[in-house]
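Take a look at the structure below.
Chain letters run A, B, ... following the sequence lines, proteins first and then strands; every chain starts at 1.
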Amino acid sequence: MIAAPDRTPLPREFFDRPVLEVAPDLLGRTLVRSTPDGPIRLRLTEVEAYDGPNDPGSHAYRGRTARNAVMFGPPGHVYVYFTYGMWHCMNLVCGPDGMASAVLLRAGEITEGAGLTRTRRRAARNDKELAKGPARLATALDIDRALDGTDVCAGPPSPLSILTGTPTPDDQVRNGPRTGVSGEGGGHPWRFWIANDPTVSPYRAHKPRRRST
DNA sequence: ATATCGATGTTCT
DNA sequence: GAACATCGATATG
């Protein structure tokens, strides 16, 4: 028999916990992006935790700005940022209102609507690459700053929600250093992924770039 | 498979 | 100016 997909979004209490608890608990959950052409479903396979006030790697570390304001608000909302001049990345805000911690969604498996992502993800050579990496994930789901602040606990007609799905057993969860984070913040093993999943992005240590001119 | 490099624009020093 | 929670194209093993 075919299991019916969950219809109830994760409650706000799910996100109102320490970010290091929430991050591994998100693995295996399904993110639903509603588009005019139909839903896109993504099973999360890789995430990273950013622990605001204590974390030099976090966008919230130096305090609230117009860009990161959503991180300082209530849990269960989306923080979207624009980076490297051309990409977006997507986070879920965790902890109580004011805590400014969040989980970066780094990779996942598209389980429905792969065809709807193809126009934006022409470079993907196979389905496993559609959302392999944080900017690829956001591109596949058509996420930009217009969705900053979206409440994923509200359910339809919200453009984004996280459905309950099957959580990943602890013995299938791996963790290690965060990708692309330099300095003190790079030492924390706050990247979490599902063992042996082919949609997890390759680890790349932070590399300072040579200046031109 | 890994390594290097250019693209772009916002944020922060 | 410099850095940036990155990616895609290209070169090479």
Open item on the list: Less than 3.5 Å apart, any donor N or O on the side chain of A/Thr35 or A/Asp37 sitting next to an acceptor on the other?
Closed with: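 A/Thr35 vs A/Asp37: no donor-acceptor pair found between side chains.
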Open item on the list: Please classify the nucleic acid contact of A/Gly57 as base, sugar-phosphate, or nothing, using heavy-atom distances under 4.0 Å.
Closed with: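 Contact class for A/Gly57: base.
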Expressed as a whole number of angstroms, how long is the span from [X]:[atom1] to [N]:[atom2]?
X: A/Arg136; N: C/dT6; atom1: CZ; atom2: P; answer: 12 Å
X: A/Phe82; N: B/dT11; atom1: CZ; atom2: C1'; answer: 12 Å
X: A/Arg106; N: C/dC7; atom1: CZ; atom2: P; answer: 7 Å
X: A/Tyr61; N: B/dC12; atom1: OH; atom2: P; answer: 15 Å
X: A/Tyr79; N: C/dA5; atom1: OH; atom2: P; answer: 9 Å
X: A/Leu130; N: C/dG8; atom1: CG; atom2: P; answer: 11 Å
X: A/Tyr203; N: C/dA5; atom1: OH; atom2: P; answer: 14 Å
X: A/Tyr84; N: B/dC5; atom1: OH; atom2: P; answer: 16 Å

So if I take every side-chain heavy atom of [X] and compare against [options], which nucleotide ends up nearest?
X: A/Tyr50; options: B/dT11, C/dC7, C/dA5; value: C/dA5
X: A/Trp87; options: B/dT8, C/dG8, C/dA5; value: C/dG8
X: A/Tyr81; options: C/dA5, B/dT13, C/dG8; value: C/dA5

Does the side chain of [X] get closer than 4.0 angstrom to OP1 or OP2 of [N] through an N or O atom?
X: A/Arg145; N: B/dT10; value: no
X: A/Arg62; N: B/dT13; value: yes
X: A/Arg121; N: C/dG8; value: yes
X: A/Arg204; N: C/dA5; value: no
X: A/His59; N: C/dA5; value: yes
X: A/Thr139; N: C/dC7; value: no

TODO: Would you name the heavy atoms of A/Pro75 and A/Asp97 that are closest together and state the gap between them?
DONE: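 Nearest heavy atoms, A/Pro75 then A/Asp97: CD-N, 4.1 Å.
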Task: Shortest non-hydrogen contact between A/Arg33 and A/Leu141, atoms and distance - done: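 In this case the closest contact between A/Arg33 and A/Leu141 is NE-O, 2.7 Å.
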Task: cation_pi(A/Arg12, A/Phe15) dist<6.0 Å, angle<=45 - done: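 No, A/Arg12 does not sit over the ring of A/Phe15.
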Task: Identity of whatever pairs with B/dC5 - Watson-Crick or G-U, under 3.5 angstrom - done: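 Across all strands, the one nucleotide that pairs with B/dC5 is C/dG8.
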- [ ] Look at the aromatic rings of A/Tyr81 and A/Tyr79 and report parallel, tilted or perpendicular, splitting at 30° and 60°.
- [x]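 Plane angle between 30° and 60°, so tilted.
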